[in-house]
Asks: 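Sending over a structure as structure tokens; questions will come in a sec.
Below, chains carry the letters A, B, ... as their sequence lines are ordered, and counting in each starts from 1. This one's a predicted model, so the numbers in the text were calculated from it and none came from an experiment. The analysis underlying the following values was restricted to heavy atoms, covering all of them including side chains, and did not include hydrogens, waters or symmetry mates.
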Amino acid sequence: MDYNFKEIEARWQTFWKQSKTFEVGIDHSKPKFYVLDMFPYPSGAGLHVGHPLGYIASDIYSWYKRLNGFNVLHPMGYDAFGLPAEQYAIQTGQHPAVTTDKNIRRYREQLDLLGFSYDWSREVRTCDPHYYRWTQWVFMQLFRYWYNNETQKAEPVTQLEERFSHIGTNGLDAACSELLNFSSAEWNAFTHKKQQEILLNYRLAYLAETQVNWCPALGTVLANDEVKEGFSVRGGHPVEQRKMKQWLLRVSAYAERLLSGLDSIDWTESLKEMQRNWIGRSEGANLLFAVDGSDVTIEVFTTRADTIYGATFMVLAPESELVKPLTAPGYEKEVENYILDSRKRTERERIADVKRVTGVFTGSYAINPFTKEKISVWVADYVLAGYGTGAIMAVPAHDSRDFRFARHFNLPIIQVVLQPDQQPSDPSTWEDSFDAKEGTLINSSFLNGLTVPDAIAKTKLEIEQQGLGNIQVNYRLRDAIFSRQRYWGEPFPVYYKDGLPYLIDDAALPLELPEVDAFLPTEKGEPPLARAQNWQTKDGYPLETSTMPGFAGSSAYYLRYMDPNNSQALVSKEANEYWQDVDLYIGGTEHAVGHLIYSRFWNKFLYDIGVVCRDEPFRKLINQGMIQGRSNFVYRMKESNTFVSSGLKDQYDTIPLHVDVNIVSHDILDIEAFRNWNPEYRNAEFILENGHYVCGWAIEKMSKSMFNVVNPDIIVEKYGADTLRLYEMFLGPVEQSKPWDTNGIDGVHKFLKKLWRLFFGQEEVLTLIDENPTLEENKVLHRTIKKITDDIERFSFNTAISSFMICVNELTDLKCRKRAILEPLLVMIAPFAPHLSEELWRCAGHQQSISNSTWPTLDPQYLMDDTIEYPVSFNGKMRFKLSLASDLDHQEIEKALLHNELTNKYLQGNTIKKVVIVPKRIINVVF
RNA sequence: GCCCAGGUGGCGGAAUUGGUAGACGCGCUGGACUUAAAAUCCAGUGGCCAUUUACGGCCGUACCGGUUCGAUCCCGGUCCCGGGCACCA
């Protein structure tokens with residue numbers, strides 16, 4: 001019987017669905033295992049072969065765990081709010097809910113074709129009110145809590161109010177926007193409105209003024225990737241930075257815990273490193289600079305207080321509140337113009353563009369608190385308002401940006417750190433700054449001769465003693481801006497009274513997204529929700545018109561899968577305590593700092609308030625690589641409709657054009673299909689080589705515009721889902737990016753056919769032999785068990801498939817048809833090729849699904865070898881192999897070696913200096 | 001610019017702890033089967049040199065240098081490509 005994948009795959013997909021094979025529930029008799037994929041955003045383009053890569057890997061692992069006796073939670077859903085659907089809605093007028101639903105259905109169809117073992121009864125969609133009521137609910141809790149630095153945990157704002165009414169801010173150590181001081185008497189005397197304003201200063205969800213990319217022509221706020229060089233991508237209108245009142249989440253309160261939590265989880269070091277950099281903890285000092293002839297003080301944060309004697313000027317961020325008071329008469333115009341100019345640049349452009357040096361002098365002078373020298377105060381956009389205090393002391397000799405600035409504006413440069421083994425030199429001869437992390441201090445009064453670390457410590461001490469500032473731990477991690485001036489997102493459960501925000505009743509959740517007449521901002525530039533009729537509470541108070549950002553819905557979805565239909569809670573205690581946390585999380589690196597920081601924050605907060613039992617949500621994390629496209633090219637002769645085959649193209653004047661990879665096979669163009677592809681090519685002529693038109697190729701991003709998109713549907717149609725699953729894994733390590741090339745797929749397809757033949761031979765009915773296996777057969781099986789188990793454990797699926805190929809080749813050579821060998825092999829292949837395995841399992845006489853069977857046990861006796869083939873090297877070069885009994889000791893090996901005549905040949909009369917013997921590995925003769 | 005990852009045959013990749021570089025597969029070449037094709041099977045396949053009996057020799061993991069008996073792997077530097085950089089998700 002032939003391998004008929006179409007029939008087999010349809011049969012088992014139906015079977016799994018009907019018998020709910022992969023639906024799971026709480027089962028205390030089994031250990032739990034939670035395997036999660038980062039849920040997709042259902043885009044209109046559907047899935048291409050790159051998307052399922054991680055899903056296949058996680059599906060294999062889920063099967064593997066299931067076969068090893070675990071109760072495996074393996075769900076899937078959709079991250080369904082987002083800009084593309086809204087953009088499409090603006091263009092076509094179609095409601096985003098409609099297009100999103102359509103896209104989800106398409107995604108589901110494509111996912112179903114691949115035979116994943118998801119428990120679809122747990123599906124979630126972030127845009128579903130039953131789901132987003134819990135996103136809104138978490139937001140409400142964030143509003144109701146503040147962060148106590150003393151207990152390192154979130155606590156109810158009601159308790160904070162109580163505290164204020166008893167002792168005021170006395171002894172309070174809270175995460176807040178602004179440090180406040182008041183007594184209980186003052187608190188009690190404040191109006192209700194004033195009290196609410198103050199509480200907002202502490203809430204974990206709070207309102208604040210932030211910078212946004214404002215496009216006046218479109219009347220809306222733009223995302224960073226909608227802005228290019230100061231203009232909107234859509235329409236090319238000018239974009240400026242504007243302050244706007246927005247919701248923020250006080251993520252920074254959790255900075256220390258987000259940092260230390262990394263030590264307890266099994267993520268790659270590189271990913272942890274990215275998060276550490278994102279959190280950006282730095283120890284330093286806040287230092288106060290007086291201003292000459294003014295009572296304004298400039299506060300700077302510096303990690304390099306030791307270089308204070310080299311601080312020769314100061315720089316304020318253009319957004320700094322100090323700019324205005326420090327602009328001296330006569331300088332207003334210039335400063336004003338500079339600030340207007342800098343508003344045209346996005347933050348990213350300001351950080352990345354180090355070559356362009358811009359800035360303006362304020363006309364003011366600060367006093368260096370140590371040298372007492374007057375130093376000029378400047379405004380420049382390389383200083384960012386969001387980090388530290390929005391002002392810096394510039395040490396041009398030892399910071400490259402400060403150096404370039406000083407050079408450009410002719411400001412003094414003083415060397416204060418001397419590199420080890422060097423003499424002081426005149427900074428005016430320098431080409432660049434010396435960004436000194438080590439060395440000794442010079443030109444620095446009481447610090448002279450100290451090493452950098454010692455000088456830092458001594459300066460800090462001095463700062464504290466003299467009251468010039470304070471020691472401070474600073475984080476680069478910023479509070480997350482949580483408002484979007486968009487339609488297609490979660491509405492805030494918030495209304496305004498007297499200009500202050502209040503939460504709506506819990507009972508009013510979910511607050512559903514209202515209908516609007518257009519998905520655009522209003523004429524006044526308000527967000528789309530301002531268009532909704534009656535967007536207000538029952539009492540007539542206006543509701544918030546912003547919506548939540550994309551990461552809101554994805555921050556706790558892994559919890560909702562544990563208990564997706566619970567209408568009383570985000571997740572029940574029982575479900576959370578059973579499923580606990582995600583054991584394995586697979587997704588792309590593009591989420592390394594965004595989603596993966598926010599959801600850790602979100603989870604820690606829920607942990608603090610007792611909703612979840614685990615402090616960290618994702619125990620182990622694997623980043624899948626991207627699948628790139630492999631584009632094909634045809635070469636058209638200029639000003640003609642003649643195409644030249646790749647090998648001959650240099651003999652003509654040609655331009656390369658992308659051609660659809662789906663009409664090219666092994667780089668040979670299907671000329672007929674090409675002519676039909678585009679009317680323009682109907683009458684195309686070709687210059688062939690060896691009777692073929694050979695295309696050129698290149699590795700590029702997989703995208704429609706490159707005509708290199710390959711859909712899983714086409715592959716499944718032609719080769720079947722099992723082949724696609726296998727091939728995606730065979731392509732290379734999951735974590736690595738690699739190009740998709742359909743040409744190689746024959747190899748794994750042939751392998752599956754060969755596997756099929758191993759069971760069926762030429763017969764119509766499958767008959768396995770119940771004889772005892774030979775030693776050789778057992779060796780093949782157990783070597784494979786060892787290899788496959790190891791490979792799956794370390795997520796090396798590509799090498800696992802190679803091992804299967806080797807195993808099947810060997811068993812085919814041995815003509816093995818024995819049940820005791822082939823059945824364990826089948827169980828191991830089931831995670832990779834589930835349809836084919838179920839079919840053969842059934843044909844072998846089993847009534848139950850193969851998913852109910854057990855992973856084979858390794859018998860180490862079959863791994864032993866009596867002899868070892870030692871590679872013998874001379875001075876590190878492998879020369880010949882020596883077969884020796886495996887139980888020989890060091891001396892016996894050396895003896896055997898010296899008796900071998902080849903040894904003398906390669907010694908060429910030299911005397912042996914040393915023989916290195918690594919047991920069971922290698923022999924190296926040194927002469 | 002900063003942070004992270006990667007660079008091995010014609011191609012995807014393997015080498016798990018510093019120990020035989022190129023497993024496995026694609027492609028290519030030759031052969032078997034066939035009227036023919038498909039399918040299947042067998043052999044060869046990093047480069048250069050040698051090949052007149054046969055054993056071969058040299059080079060080679062982006063580039064330069066170092067550590068080591070031994071380096072694709074560790075260290076220092078350079079180049080190239082990909083991802084992220086806070087409103088794409």
Asks: What interatomic distance, in whole Å, is found between P of B/G19 and the corresponding atom of B/G27?
Replies: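 Taking atom P in both B/G27 and B/G19, they lie 33 Å apart.
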
Asks: Would A/E810 and A/R783 satisfy salt bridge (charged side-chain N to carboxylate O under 4.0 Å, His left out), going step by step from the backbone distance to the final call?
Replies: CA-CA 12 Å; A/E810 286 174 347; A/R783 268 204 301 268; 3.8 Å; yes

Asks: Report, as a single string ordered 5' to 3', how protein heavy atoms within less than 4.0 Å touch nucleotides 83-89 of chain B: B base, S sugar-phosphate only, - not at all.
Replies: SSBBBBB

Asks: In whole angstrom, what separates A/R630's CZ from B/G27's P?
Replies: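 It is 12 Å, rounded to the nearest whole Å.
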
Asks: Please give the distance between the P atoms of B/C3 and B/C59 as a whole number of Å.
Replies: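 Those two atoms are separated by 39 Å.
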
Asks: Pick the nucleotide of RNA chain B nearest each of A/S270 and A/P733; which residue has the one closer to the 5' end?
Replies: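 First, find each residue's nearest nucleotide; the 5'-ward one identifies A/S270.
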
Asks: Are A/R600 and A/W267 in a cation-pi setup, meaning NZ or CZ lies under 6.0 angstrom from the ring centre and within 45 degrees of the ring axis?
Replies: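 Relative to the ring axis of A/W267, which defines the angle, A/R600 lies inside both limits.
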
Asks: For the residue pair A/T126 and A/G553, what are the closest heavy atoms and their distance?
Replies: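 Shortest heavy-atom separation between A/T126 and A/G553 comes out as CG2-O, 3.5 Å.
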
Asks: What string of B, S and - do you get for nucleotides 63-75 of chain B, 5' to 3', if B is base contact, S is sugar-phosphate-only contact and - is no contact with any protein heavy atom under 4.0 Å?
Replies: ------BS-----

Asks: Determine, step by step, whether A/S883 and A/E869 satisfy the side-chain hydrogen bond (donor to acceptor under 3.5 Å, both in side chains) criterion, reporting the C-alpha distance in whole Å, the side-chain angles of both residues, the deciding distance to 0.1 Å, and the verdict.
Replies: CA-CA 4 Å; A/S883 196; A/E869 274 236 310; 4.6 Å; no

Asks: How about CZ on A/R794, more than 12 heavy atoms from neighbouring residues, nucleotides or ligands closer than 6.0 Å, or not?
Replies: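 Above 12, so yes.
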
Asks: What do you reckon, is CZ of A/F405 surrounded by more than 12 foreign heavy atoms closer than 6.0 Å?
Replies: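 Count over threshold, so yes.
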
Asks: Using 30° and 60° as the class boundaries, would you call the ring planes of A/H749 and A/F5 parallel, tilted or perpendicular?
Replies: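 Geometry flag for A/F5 against A/H749: perpendicular rings.
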
Asks: In whole Å, what is the span from the CD1 atom of A/I668 to the C1' atom of B/G27?
Replies: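 In whole Å, B/G27 C1' and A/I668 CD1 are 11 Å from each other.
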
Asks: Tell me which one of A/Y598, A/F601, A/Y41, A/W602 satisfies ring-ring contact (aromatic ring centres under 6.0 Å, His included) with A/F551.
Replies: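 The residue from A/Y598, A/F601, A/Y41, A/W602 that satisfies ring-ring contact (aromatic ring centres under 6.0 Å, His included) with A/F551 turns out to be A/Y598.
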
Asks: Taking only residues two or more places apart in sequence, or in another chain, which ones meet A/F804 in a ring-ring contact (aromatic ring centres under 6.0 Å, His included)?
Replies: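 A/F804: ring-ring contact (aromatic ring centres under 6.0 Å, His included) contacts with A/F832.
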
Asks: Once ring-ring contact (aromatic ring centres under 6.0 Å, His included) is applied, do any residues pair with A/F492, and if so which ones, sequence neighbours excluded?
Replies: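 A/F139, A/W247, A/F482.
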
Asks: Roughly, in whole Å, what's the span from CG in A/L897 to C1' in B/U20?
Replies: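 In whole Å, B/U20 C1' lies 15 Å from A/L897 CG.
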
Asks: Please work out whether the ring planes of A/F39 and A/Y557 are parallel, tilted or perpendicular, with thresholds of 30° and 60°.
Replies: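 If you compare the ring of A/F39 with that of A/Y557, the planes turn out parallel.
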
Asks: What base-paired stems does RNA chain B take part in, with at least 3 consecutive Watson-Crick or G-U wobble pairs and both distances under 3.5 Å?
Replies: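 Stem segments, range with range: B:1-4 with B:82-85, B:10-12 with B:24-26, B:27-32 with B:40-45, B:46-49 with B:56-59, B:62-66 with B:74-78.
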
Asks: Encode nucleotides 40-50 of chain B as B, S and - characters from 5' to 3', where the letter depends on protein heavy atoms closer than 4.0 Å: B to the base, S only to sugar-phosphate, - to neither.
Replies: SS---------

Asks: Give me the distance, rounded to whole Å, that separates B/C75 from B/C80 when you measure between the P atoms they each carry.
Replies: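 Nearest-Å result for B/C75 against B/C80 at atom P: 22 Å.
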
Asks: Tell me, with the steps shown, if A/E526 and A/T545 meet side-chain hydrogen bond (donor to acceptor under 3.5 Å, both in side chains).
Replies: CA-CA 8 Å; A/E526 296 164 298; A/T545 52; 6.0 Å; no

Asks: Please examine the side chains of A/H666 and A/H692, heavy atoms only from C-beta on, and report whether any two atoms are closer than 4.5 Å.
Replies: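 Heavy-atom side-chain distance check fails, nothing below 4.5 Å.
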
Asks: Given B/C4, B/G13, B/G25, identify the nucleotide with an atom nearest to the side chain of A/F730.
Replies: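 From the listed options, B/G25 comes nearest.
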
Asks: For A/D790, give me all partners under side-chain contact (heavy atoms from CB on, under 4.5 Å), at least two apart in sequence or on another chain.
Replies: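 Listed in chain order: A/K786.
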
Asks: Taking O4'-C1'-N9-C4 for purines and O4'-C1'-N1-C2 for pyrimidines, is B/G9 syn (within 90° of 0) or anti?
Replies: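 Syn, which is what one calls it when the glycosidic angle falls within 90° of 0.
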
Asks: Check the distance between B/G6's C1' and A/E273's CD and give it to me in whole angstrom.
Replies: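 These atoms are roughly 17 Å apart.
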
Asks: If the condition is ring-ring contact (aromatic ring centres under 6.0 Å, His included), which residues does A/H51 pass it with, not counting sequence neighbours?
Replies: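 Expected list: A/H48.
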
Asks: Between A/N743 and A/W697, who's closer to the 5' end of RNA chain B by nearest nucleotide?
Replies: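 It is A/W697 whose nearest nucleotide is closer to the 5' end.
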
Asks: Can you tell me, in whole Å, how much space there is between the C1' of B/G18 and that of B/C73?
Replies: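 Approximately 7 Å lies between the C1' atom of B/G18 and that of B/C73.
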
Asks: Between the protein and nucleotides 15-18 of chain B, are there any N/O to N/O pairs under 3.5 Å, and if so, what are the atom names and distances?
Replies:
unit_1: B/A15; atom_1: OP1; unit_2: A/R794; atom_2: NH2; d: 3.4
unit_1: B/U16; atom_1: O4; unit_2: A/K787; atom_2: NZ; d: 3.0

Asks: If we count only N and O atoms by modelled type, under 3.5 Å, do the side chains of A/D479 and A/S252 hold a donor and an acceptor together?
Replies: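 Present: a donor and an acceptor within the cut-off.
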
Asks: Looking only at the side chain of A/L731 (C-beta and beyond, no hydrogens), which of the listed nucleotides B/G13, B/C24, B/G12 gets closest?
Replies: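 Looking only at side-chain atoms, A/L731 lies closest to B/G12.
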
Asks: Could you list the residues that satisfy side chain to side chain donor-acceptor pair (under 3.5 Å) with A/S703, not counting sequence neighbours?
Replies: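 If we apply the side chain to side chain donor-acceptor pair (under 3.5 Å) test to A/S703, skipping adjacent residues, the hits are A/S705.
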
Asks: Along nucleotides 53-61 of chain B, 5' to 3', which nucleotides get a B, which get an S, and which get a -, given that the test is a protein heavy-atom distance under 4.0 Å?
Replies: --S-SSS--

Asks: Taking the six-membered ring for Trp, are A/F81 and A/Y132 ring centroids under 6.0 Å apart?
Replies: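 Judged by ring-centre distance (under 6.0 Å), A/F81 and A/Y132 do meet the cut-off.
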
Asks: Expressed in whole Å, how much space separates the C1' atoms belonging to B/G13 and B/U8?
Replies: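 Roughly 9 Å separates the two C1' atoms.
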
Asks: I'd like the C1' distance from B/U45 over to B/U34, given in whole Å.
Replies: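 My reading of the C1' atoms in B/U34 and B/U45 gives 27 Å.
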
Asks: For A/S737, answer base if it contacts any base atom (sugar-phosphate contacts may also be present), sugar-phosphate if it contacts only those atoms, and nothing otherwise; contact means non-hydrogen atoms under 4.0 Å.
Replies: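 Touches sugar-phosphate only.
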
Asks: For the pair A/W740 and A/Y727, name the ring-plane relationship: parallel under 30°, tilted 30 to 60°, perpendicular over 60°.
Replies: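 The rings of A/W740 and A/Y727 stand perpendicular, inter-plane angle above 60°.
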
Asks: Have a look at A/N809 and say if it touches a base, only the backbone sugar-phosphate, or nothing, with a 4.0 Å heavy-atom cut-off.
Replies: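 The answer is sugar-phosphate, as A/N809 gets under 4.0 Å only of primed atoms, P, OP1 or OP2.
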
Asks: How far, in whole Å, is B/U72 from B/G83 if one measures between their P atoms?
Replies: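 Approximately 30 Å lies between the P atom of B/G83 and that of B/U72.
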
Asks: Between B/U61 and B/G47, how far is it from one P atom to the other, in whole Å?
Replies: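 Each nucleotide's P atom is 15 Å from the other's.
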
Asks: Expressed in angstrom and rounded to an integer, what is the separation of A/I699 atom CD1 from B/G10 atom P?
Replies: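 Those two atoms, CD1 and P, are 15 Å apart.
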
Asks: Check side-chain contact (heavy atoms from CB on, under 4.5 Å) between A/K718 and all other residues, then give those that pass, not counting sequence neighbours.
Replies: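 Partners of A/K718 by the side-chain contact (heavy atoms from CB on, under 4.5 Å) criterion come out as none, since no residue qualifies.
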
Asks: In this structure, how many angstroms lie between the P atom of B/A14 and the CE atom of A/M729, rounded?
Replies: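 Taking CE of A/M729 and P of B/A14, I get 13 Å after rounding.
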
